[in-house]
Number of protein chains: 2
Amino acid sequence: MPEVTLRDVARESGYSIATVSRVLGGTRTVGAQADRKVRAAAERLGYRPNQVARALRSRSTGTIGLVLPQITNPFFPMLVRGVEHALHSRGRGLLIADCDDDPELEASRISALLDRQVDALLVIPVHEAHSRAAVAAGAQRTPLVQLDRRCGTDVADSVAVDNTAGMALVLDHLAGTGRRRVCFLGSAGTDSAAVERRTAYRNGVAALDPAGAERVELGDFSVEWGRAAAERVWPSRPDAVVCANDLIAVGAMQQLRRMGADIPGEVAVTGFDDVAIASLAEPALTTVRQPVTGLAEEAVRLLDQRLSEHTDRPHHAIRLAPELVVRASSAPGTTRE
Amino acid sequence: MPEVTLRDVARESGYSIATVSRVLGGTRTVGAQADRKVRAAAERLGYRPNQVARALRSRSTGTIGLVLPQITNPFFPMLVRGVEHALHSRGRGLLIADCDDDPELEASRISALLDRQVDALLVIPVHEAHSRAAVAAGAQRTPLVQLDRRCGTDVADSVAVDNTAGMALVLDHLAGTGRRRVCFLGSAGTDSAAVERRTAYRNGVAALDPAGAERVELGDFSVEWGRAAAERVWPSRPDAVVCANDLIAVGAMQQLRRMGADIPGEVAVTGFDDVAIASLAEPALTTVRQPVTGLAEEAVRLLDQRLSEHTDRPHHAIRLAPELVVRASSAPGTTRE
DNA sequence: ATGAAAGCGCTAACAT
DNA sequence: ATGTTAGCGCTTTCAT
């Protein structure tokens, strides 16, 4: 089936290619009659604009590239979904690239997307330091926004959750429900989530437990580490275990129960992110929900802004407020859920 | 920074733009000297081919569209990862579209991708019946492969796991570990996974438990349903609960333990898919691992095949063998893990 | 308000 | 083996 082109619509409507283009593109005002006739003809023939030709001419593909560390990491699909919807609602497409947590792959994916003439890039960097060069290079060639994580502070725009505020929500909640012996299971990483969450914990815990700042175990963001860390802190009998993300919290809950702890009776457990597993865990996990839709929308808005302005203003670093989701794992008092 | 074009490389190397195109595209044999000089010039100028221009001329964007029901459904990201890697290793790009489980959105996403001139479509249909028209329409316009699920049997090529074989693996395993009172928690859906898994259970269970074919509870593929269904079957004291996917199994395990059941001592539980949560559950879940990488590669191979042949041969329906992953939830005997 | 024509960067006939 | 030429389908001057 031969594709219908502008030429065909022009012939069918009796107007020139240029007029048809203007009507369908809404580029300039045209006569009411021309408008009607052209639209009718386009409709009749089932005309669909060829985006590739349009892109070649107008130097804009209407396509955004998203580069992320690992699509199978449960937090990222939520972000991808948000980005996809934000883009499609503006008529844009989303080219996706998965890096397998490898900075070298990341660099090659970034240039592959640039070769495909994406209008802009959204990057969740694999690593704070090792991704820096590739991200900076990308930002040189096209508008680029870092999402969720970032490489240092001066590479490009960035959008992320306010980790400090999230940690404060958790600590306030624990204080309000009478917990007074708190510990923290976090990540030793240098990425912003790891650093900000542990710093916020250390700074905020003093208000309800002066010794809490000392009860900190650092590993990585995994279930396995959660289990190991729980084993290390349980002998000191905390009445609250604050975890830097949901995976750590799930591991910690498993290990605590295995050691005979009563959650939330004896000890409360909290997570961060609100991935699907948080609500499925036993008991259901109290956690900090990231504003994923908001993050995605802010990121896309920033890109649009960079695309429309041509002036390069200083980088924006946007932080969005999270929300506390209270579930059974932190129910007050000495009752089993 | 002005983009370097073929024209620039031609001027720099002293050859014509056609020769440069041939060298860089590897389209035809050229003189050794020309080859060297052109490559050197391209290198020197940092030439990157413009994929949009190439696409317009050659009528091939090197881009594949993937349409899926819900990226946040934990099974799909594994598939996306497989597809992404299979495509990138062949120099292709992946445009992704999420349908929010809505057939109408799905139809609009499919045409949006076609408007972007994708070379082919990979579709995980939202619904067996409601997706059919849109998928068939897509298959009319471009090579299309259905992945994981499919709309009826005659719409387009399809690639999926062999559900029947997977269920057989589970039943053999349970038989071999002495389970003799089996029940099934499945989905009432009409999609191939739901139908094939429950049929395979019914046909296969007779060998170890003649009454097993009657102990079947059907709902949907969710944790909630797993909980509810477990509550219904536990009074009959099965020694094995076969679930149609991992989510049902996780819910069933939660409810069984809540009711005081000992897993796997009293009762074994099995899942299907091997999503991340299967290994994180307590106890770790015995399940059927889908060959995700294989599925993705087969799908991409089929697309390539359709793209190179122009003849349309009958539709292929490819089934790949799954693998049993034995974990604690089905350990034999009357011991706690 | 409309049309004619140029050309985005590339590939593929068609020449030589 | 290499060059010349003609577009791919569209947007956008520049005319009228």
Side-chain angles (χ1 to χ4, degrees), chain A residues 1-39 41-42 45-63 91 93 114-119 141, chain B residues 1-42 45-63 91 93 114-119 141 307:
Chain A
M1 158 186 55
E3 285 304 307
V4 180
T5 75
L6 264 196
R7 206 192 168 78
D8 301 319
V9 180
R11 193 177 306 122
E12 173 85 6
S13 66
Y15 286 87
S16 74
I17 288 189
T19 301
V20 173
S21 170
R22 294 196 265 255
V23 171
L24 268 25
T27 321
R28 241 165 44 203
T29 47
V30 296
Q33 162 148 325
D35 190 284
R36 242 183 326 99
K37 287 200 170 181
V38 166
R39 284 185 200 287
L45 298 177
Y47 171 71
R48 318 259 33 187
N50 181 323
Q51 303 285 350
V52 171
R54 176 176 285 182
L56 178 60
R57 181 61 235 239
S58 62
R59 327 202 66 75
S60 156
T61 54
T63 300
L114 288 170
D115 287 350
R116 284 188 189 284
Q117 320 291 128
V118 294
D119 289 347
R141 307 236 270 123
Chain B
M1 155 188 56
E3 285 303 307
V4 181
T5 75
L6 263 194
R7 205 192 168 80
D8 301 319
V9 180
R11 194 179 303 120
E12 172 85 7
S13 66
Y15 286 87
S16 77
I17 135 175
T19 300
V20 173
S21 171
R22 294 197 264 255
V23 170
L24 267 26
T27 322
R28 243 168 41 205
T29 48
V30 296
Q33 163 148 322
D35 189 284
R36 241 187 321 100
K37 284 199 171 178
V38 166
R39 284 183 201 289
L45 298 178
Y47 170 72
R48 317 257 37 185
N50 181 325
Q51 304 283 351
V52 170
R54 177 176 285 185
L56 178 59
R57 182 60 236 231
S58 63
R59 328 200 66 74
S60 156
T61 53
T63 300
L114 287 171
D115 287 349
R116 284 189 189 285
Q117 319 291 129
V118 294
D119 289 347
R141 305 238 271 124
L307 283 169

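Naming convention: chains lettered A, B, ... in sequence-line order (proteins, then strands); numbering from 1 in each chain.
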Undergrad: Atom CZ of B/R48 and atom P of C/dC10: how far apart are they, to the nearest Å?
TA: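 Taking atom P of C/dC10 as the reference, CZ of B/R48 is at 12 Å.
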
Undergrad: Is the shortest side-chain N/O distance from A/Y15 to OP1 or OP2 of C/dA4 below 4.0 Å?
TA: no

Undergrad: Please report the distance, rounded to the nearest Å, between CG in B/D8 and P in C/dC8.
TA: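 Roughly 11 Å, once rounded to whole Å.
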
Undergrad: If you find the nucleotide of DNA chain C closest to B/Q51 and the one closest to A/I17, which residue's nucleotide is nearer the 5' end?
TA: A/I17

Undergrad: Is any side-chain N or O of B/R7 closer than 4.0 Å to OP1 or OP2 of C/dC8?
TA: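 Answer no for this pair, as no side-chain N or O of B/R7 is under 4.0 Å from OP1 or OP2.
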
Undergrad: Would you kindly give the CG-to-P distance between B/L6 and C/dG7, to the nearest whole Å?
TA: 18 Å

Undergrad: Tell me the interatomic distance from A/Y47, atom OH, to D/dG9, atom C1', rounded to whole angstroms.
TA: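 After rounding, the gap between these two atoms is 7 Å.
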
Undergrad: Under 4.0 angstrom, heavy atoms only, what part of the nucleic acid is A/T5 near: base, sugar-phosphate, or nothing?
TA: sugar-phosphate

Undergrad: Which heavy atom of B/V52 sits nearest to which heavy atom of A/A55, and what is that distance?
TA: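 That closest heavy-atom pairing would be CG1-CB, 3.9 Å.
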
Undergrad: Work out which heavy atom in B/V38 is nearest to a heavy atom in B/Y15; give both atom names and the distance.
TA: CG2-CD1, 4.1 Å

Undergrad: Please report the shortest heavy-atom distance between A/A42 and A/L24, naming the atom on each side.
TA: CB-CD2, 4.3 Å

Undergrad: Report yes if at least one side-chain N or O of B/R57 is closer than 4.0 Å to OP1 or OP2 of D/dG9; otherwise report no.
TA: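 Result: no.
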
Undergrad: Is the shortest side-chain N/O distance from B/S21 to OP1 or OP2 of C/dT11 below 4.0 Å?
TA: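 The answer is yes; a side-chain N or O of B/S21 sits under 4.0 Å from OP1 or OP2.
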
Undergrad: Using whole Å, what does the distance between atom P of nucleotide D/dC8 and atom CG of B/L56 come to?
TA: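 It is 9 Å, rounded to the nearest whole Å.
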
Undergrad: Base of C/dG9, side chain of B/R54 - is there a donor-acceptor contact under 3.5 Å?
TA: no

Undergrad: For B/R22, report the nucleic acid contact type (base, sugar-phosphate, nothing); a contact means any heavy atom under 4.0 Å.
TA: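 Since a base atom lies under 4.0 Å of B/R22, the category is base.
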
Undergrad: Select one nucleotide: of C/dA5, D/dG9, C/dA12, the one nearest the side-chain heavy atoms of B/S58.
TA: C/dA12

Undergrad: Can you check side chain to side chain contact (heavy atoms under 4.5 Å, CB included) on B/V4 and B/R48, steps first, answer last?
TA: CA-CA 7 Å; B/V4 181; B/R48 317 257 37 185; over 6 Å; no

Undergrad: Do you know the tightest heavy-atom contact between B/T61 and B/R116?
TA: CG2-O, 4.2 Å

Undergrad: Output the rounded distance in Å from CG (A/N50) to C1' (C/dG9).
TA: 15 Å

Undergrad: Taking CD from B/Q117 and C1' from D/dC10, how many angstroms apart are they, rounded to a whole number?
TA: 12 Å

Undergrad: Over all strands shown, is A/A34 touching base, sugar-phosphate only, or nothing at heavy-atom distances under 4.0 angstrom?
TA: sugar-phosphate

Undergrad: Just to confirm, is there a sub-4.0 Å distance from OP1 or OP2 of C/dA4 to any side-chain nitrogen or oxygen of A/S16?
TA: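 Looking at the OP1 and OP2 atoms of C/dA4, neither is under 4.0 Å from any side-chain N or O of A/S16.
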
Undergrad: Rounded to whole angstroms, how far apart are CZ on B/R116 and P on D/dC10?
TA: 15 Å

Undergrad: Which of these nucleotides, C/dG9, C/dC10, D/dT2, is closest to any side-chain atom of B/T19?
TA: D/dT2

